[in-house]
Amino acid sequence: MRNLMIAGNWKMNKTYEEGVVLAQGLADALTGKEFKGVDVVVCPPTVDLKGVSEVIDQAQAPFALGAQNVYWEESGAFTGETAPSMLTAVNATYCIIGHSERRGYFGETDEDINKKAKALMAHDIVPISCCGEPLEVREAGKHVEFVVDQIKKDTEGLDLSDPSKYVIAYEPIWAIGTGKTATADDAQEVCCAIRETLAEIFGKETADKVRVLYGGSAKPGNIAELVAKPDVDGALVGGASLKADSFSEMVLNAAATL
Ligand code: PGA
């Protein structure tokens, strides 16, 4: 019913040249492979988007392009920012928003994330909207309510009439880049709570069509176990997306569970 999704978040890694090489390597690794039912997205740094877009175009690569951030205004005096139309111009069809690194290091709020989602969706760019709790919240056993609160704020007033065009990534902060993966049951618990929250707000039929990904030390060795859970629809992948072989292996391992 829902396609799985494996999305690579390159974060602040890969120069333009290196990004082109990685994208080409991934195109080579995935072309001709069978992974029907798995949508693949790569999200390079902003200055790499155009180069990766050209690789996708020339190689007819079987993956889509996403950005890692956007600003909600259309244009103007917003030094350093990127407008949704600029992403469209380089054929980016997805954009990560609300990553915990942006919330933590750059002070992004749920209100900002909600505005970004609305701006992206107005331009037909699919947000991959991140949420997730810090370690102390998890240790206090308050992780579900923390994430539910984020979801309510991040989705406020969104039009989910096409639920395939909004993606959520649950990324417990303590599991990001630490090698400490949440167990598949931990991921399922929160992804399920996210879906129930969406069902309360938007109705069950809509909630059942929104992809909810897990992120945090996802890798080839644990992806099958994660996507086997009923509410985990794939992964947002950091470290393991920086090599064509590990990322393509994740795509194929996810596909093998279907
Ligand atoms: P990681 O990062 O896979 O390196 O833990 C995931 C993310 O932050 O999106």
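Remember, predicted model here, so these are calculated numbers, not experimental data. As the structure lists them, so they are numbered: ligands from 1, and atoms in each ligand from 1.
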- Indicate the atoms forming the closest heavy-atom contact of A218 with V237, along with that distance. O-CG1, 3.8 Å
- Counting from 1, what ligand 1 atoms have a heavy atom of S217 closer than 4.0 Å? 1 (P), 3 (O), 5 (O)
- Message: Using a 3.5 Å cut-off on N or O atoms only, is H99 in polar contact with ligand 1?
- Response: yes
- Query: Who's the nearest protein heavy-atom neighbour of atom 9 (O) of ligand 1, and how far?
  - Reply: E171 OE2, 2.7 Å
- Task: For ligand 1, note which part of N9 has a heavy atom under 4.0 Å away: side chain, backbone, both or neither.
- Result: side chain
- Specify the protein heavy atom at minimum distance from atom 3 (O) of ligand 1: its residue, its atom name, and the distance to 0.1 Å. G238 N, 2.8 Å
- Please answer whether the main-chain N or O of N3 pairs with a side-chain N or O of R211 as donor and acceptor at a distance below 3.5 Å. yes
- Exactly one candidate in N91, L26, L65 meets side chain to side chain contact (heavy atoms under 4.5 Å, CB included) with I56; the answer is L65
- Message: Once salt bridge (Lys or Arg N to Asp or Glu O under 4.0 Å) is applied, what residue pairs with a partner in residues 45-72 remain, sequence neighbours excluded?
- Response: K50-E54
- Does an N or O from G215, backbone or side chain, lie closer than 3.5 Å to an N or O of ligand 1? no
- Task: Could you find the nearest protein heavy atom to atom 4 (O) of ligand 1 and give me its residue, atom name and distance?
- Result: G239 N, 2.8 Å
- Message: Within ligand 1, which atoms have a heavy atom of A175 less than 4.0 Å away?
- Response: 5 (O)
- Query: Short question: side chain of Y166, backbone of A117 - any donor-acceptor pair under 3.5 Å?
  - Reply: no
- Residues passing the salt bridge (charged side-chain N to carboxylate O under 4.0 Å, His left out) test with D159, sequence neighbours excluded, are none
- Using atom types as modelled and distance alone, determine if a side-chain donor or acceptor of Q150 lies under 3.5 Å from a backbone N or O of G132. yes
- Ligand-side contact atoms (ligand 1) for residue partner G177, heavy atom cut-off under 4.0 Å: 1 (P), 4 (O), 5 (O)
- Item | ligand 1 atoms in contact with L236 (distance to a heavy atom under 4.0 Å) | 6 (C), 9 (O)
- Numbered in order shown, the ligand 1 atoms found under 4.0 Å of a heavy atom of G216 are 5 (O)
- For ligand 1, is any non-hydrogen atom under 4.0 Å from K219's backbone (N, CA, C, O), its side chain (CB onward), both, or neither? neither
- P134 side chain near W174 side chain, heavy-atom distance below 4.5 Å: no
